[in-house]
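One structure is given below, encoded as structure tokens.
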Amino acid sequence: MKYPTSVCFPRILPCLVSMLSLLSMLSMLSMLSMLSMLSLLSLFQSCELLNVPFAGTERVKILLPSPHPALSLLAPGTIPSYTLRWYDVAGCRHEQAGITSPVILDLSTSMLTPVLLIPETGSNHPGTLPCAGALYPVHAGRKNTEIVLETGWNTGMAASLTEEICLSASEGFETGRNIAAHFNWMRFLEKLSRISDPLALDRKRFREAVLAGKVTIYDITEGEKISVHFSAPNGTIPQDAPFISAWPDQEGFRWPASDELSLMAPEGQTCFYGTNGVIVFQVEKGKQVCVFYSPYSLQD
């Protein structure tokens, strides 16, 4: 028995069109549902999630610096402690306080990462000591089966400047990181060692030169200094008492018999540590705005 094709296909065709339309609608609904889920996830995504180890990272052992000479004066017999700060692949900042021994971090392989160690000891005078640190992978090396990052005070200067460059880049952290990654930081440390007072480095000038891609040896120089003065009441500070600088191994001075001190200080905070207390000078916009002497006994 033969069925006329002109009768069967007209009946089947509308069914096929309806089925195809239904499948298309279901597919679109599925895609919209997936996009909605991804949008919700992005709303709740945070830097903490981005710090989970993933492919392309390596475990790096962060070694602590040699104790700053001032720590033996600020807190004799105390194990130095630090706040550890570093940045992940997305430029998110992470911190861990109370660090007293080496730490293992998962860092993005070969991505320039400033690792800083901010001294916590003598916390009643925050910021009076420079931060230690280093740059990964610039200062990293391999010891046996481990990748280690040896931190220090010189390399800490490079790390803190890199942090400033990344955070001040007009186009964002990643742009700043890319610019800093192409700078010769080993050469910078060579030039820094020739400066009599590394803490007096003109950081603003250097930072802007790196971001502009036009660094010269003249950009690695001390900023302008002014004459600052301090007079202590008679007998407050023992005559001839030695004071050391906040920068390790830099020459300090001995307290004069006149109980009056004059020296040159750069913009910002300048500190000197004695046997019994610390002298702090504060210079802002080329003027001395503050100076004080704080005995260590007052820190307890």
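Hydrogens, waters and symmetry mates play no part in the numbers below; they use all other heavy atoms, side chains included.
Taking a cutoff of 4.0 Å between a charged side-chain nitrogen and a carboxylate oxygen, R85 and E163 qualify as a salt bridge.
In this structure the side chain of P242 reaches within 4.5 angstrom of the side chain of T275, judged on heavy atoms. Counting heavy atoms from C-beta on, the side chains of L161 and R207 never come closer than 4.5 Å. Using a 4.5 Å heavy-atom threshold, the side chains of V291 and V228 count as separate.
Hydrophobic clustering (side-chain heavy atoms under 4.5 Å, transitive across Ile, Leu, Val, Met, Phe, Trp, Tyr) groups I279 together with V283. Taking hydrophobic clusters as Ile, Leu, Val, Met, Phe, Trp and Tyr residues chained together by side-chain heavy-atom distances below 4.5 Å, F253 shares a cluster with F281. F183 and I195 fall within a single hydrophobic cluster, where Ile, Leu, Val, Met, Phe, Trp and Tyr are joined by side-chain heavy atoms under 4.5 Å apart, directly or via other members. Residues L167 and L112 do not share a hydrophobic cluster, defined by chaining ILVMFWY side chains whose heavy atoms lie under 4.5 Å apart.
Judged as a side chain to side chain donor-acceptor pair (under 3.5 Å), the pairs with a partner in residues 144-154 (not counting sequence neighbours) are, in order, K143-E150.
Here the straight-line distance linking atom CZ of F230 with atom CH2 of W255 works out to 5.0 Å at 0.5 Å rounding. In this structure, OG1 on T270 lies 8.0 Å from CD on Q282, to the nearest 0.5 angstrom. One distance of note links CD1 of I237 with CZ of F243; it measures 4.5 Å at 0.5 Å rounding. Atoms CD and CE, on E224 and M264 in that order, are 8.5 Å from each other to the nearest 0.5 Å. One finds the CG atom of L201 at 7.0 Å from the CZ atom of F206 (value rounded to the nearest 0.5 Å). Taking CG from L192 and CH2 from W185, the interatomic distance works out to 10.5 Å, rounded to the nearest 0.5 Å.
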What's the verdict on side-chain contact (heavy atoms from CB on, under 4.5 Å) for Y273 and L129, showing C-alpha distance, side-chain angles and the deciding distance? CA-CA 10 Å; Y273 299 87; L129 289 177; 3.4 Å; yes
After noting the C-alpha distance and the side-chain angles of R203 and M157, does the key distance pass the side-chain contact (heavy atoms from CB on, under 4.5 Å) rule? CA-CA 10 Å; R203 300 174 75 95; M157 177 73 79; 3.2 Å; yes
Tell me, with the steps shown, if H139 and V115 meet side-chain contact (heavy atoms from CB on, under 4.5 Å). CA-CA 10 Å; H139 304 126; V115 177; over 6 Å; no
F272 vs S245, side-chain contact (heavy atoms from CB on, under 4.5 Å): CA-CA, chis, key distance, verdict: CA-CA 5 Å; F272 293 92; S245 169; 4.2 Å; yes
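Environment of CD in E174: crowded, with over 12 heavy atoms of neighbouring residues, nucleotides or ligands closer than 6.0 Å. Annotation for D240: atom CG counts as buried by contact number, over 12 foreign heavy atoms lying within 6.0 Å.
Side-chain contact check for T83 and E120: at least one donor-acceptor pair (N or O, by modelled atom type) lies under 3.5 Å.
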